[in-house]
Amino acid sequence: LEQRSNPAVHADMLHYLDQLKARYPVVTLISPTELPEQTPADYDDLNHINADMQSRYTAALARLLAHLPTNAQSTP
């Protein structure tokens with residue numbers, strides 16, 4: 001999807017996420033390098049990953065979430 005998207009839109013999205021993290025300390029951003037690489041073969045269509053990638057992605061995300069602090073408190 002990133003390859004088919006306007007690079008300016010992608011850059012704007014990353015900037016927005018960085019601002020969100022700076023404003024709300026409880027926000028955690030996960031780097032794409034920490035998740036399984038997604039190739040065109042992993043997609044059923046432009047937006048939906050197939051069942052195999054869903055399983056790999058979910059397992060990788062579960063491993064990352066298991067290491068996040070559990071005592072984080074949100075701020076208004």
Side-chain angles (χ1 to χ4, degrees):
L1 181 60
E2 181 181 340
Q3 294 172 346
R4 293 187 177 196
S5 299
N6 180 331
V9 172
H10 184 74
D12 286 347
M13 179 191 66
L14 293 177
H15 179 70
Y16 169 78
L17 291 173
D18 286 338
Q19 287 181 321
L20 193 65
K21 183 178 177 185
R23 184 172 178 186
Y24 300 103
V26 296
V27 169
T28 299
L29 299 179
I30 297 174
S31 170
T33 60
E34 297 180 87
L35 296 167
E37 181 181 355
Q38 296 177 9
T39 68
D42 295 316
Y43 283 81
D44 288 332
D45 57 36
L46 184 59
N47 298 310
H48 300 95
I49 56 176
N50 60 35
D52 182 55
M53 176 49 81
Q54 290 173 19
S55 295
R56 289 186 284 140
Y57 186 92
T58 299
L61 185 58
R63 284 190 297 274
L64 290 169
L65 293 176
H67 298 291
L68 290 179
T70 57
N71 62 352
Q73 298 200 359
S74 62
T75 55

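Because the structure is a prediction, the values reported are computed rather than measured.
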Does Met13 belong to the same Ile/Leu/Val/Met/Phe/Trp/Tyr cluster as Val9, with side-chain heavy atoms less than 4.5 Å apart forming each link? no
Hydrophobic cluster membership, with links at side-chain heavy-atom distances under 4.5 Å among I/L/V/M/F/W/Y: are Leu65 and Met53 in one? yes
Write down the atom of Gln38, the atom of Ile49, and the distance for their closest heavy-atom approach. OE1-CG2, 4.0 Å
Sequence neighbours left out, cut at 3.5 Å: what donor-acceptor pairs do the side chains of residues 26-36 make with other protein atoms?
residue	atom	partner	partner atom	Å
Ser31	OG	Thr33	N	3.2
Ser31	OG	Thr33	OG1	2.8
Glu34	OE2	Ser31	N	3.2

Within residues 51-70 or reaching into it, pairs that qualify as salt bridge (Lys or Arg N to Asp or Glu O under 4.0 Å) - sequence neighbours excluded: Asp42-Arg56, Asp52-Arg56
Are Leu68 and Leu61 connected into the same hydrophobic cluster when the rule is that any two of I, L, V, M, F, W, Y join if their side-chain heavy atoms are below 4.5 Å apart? yes
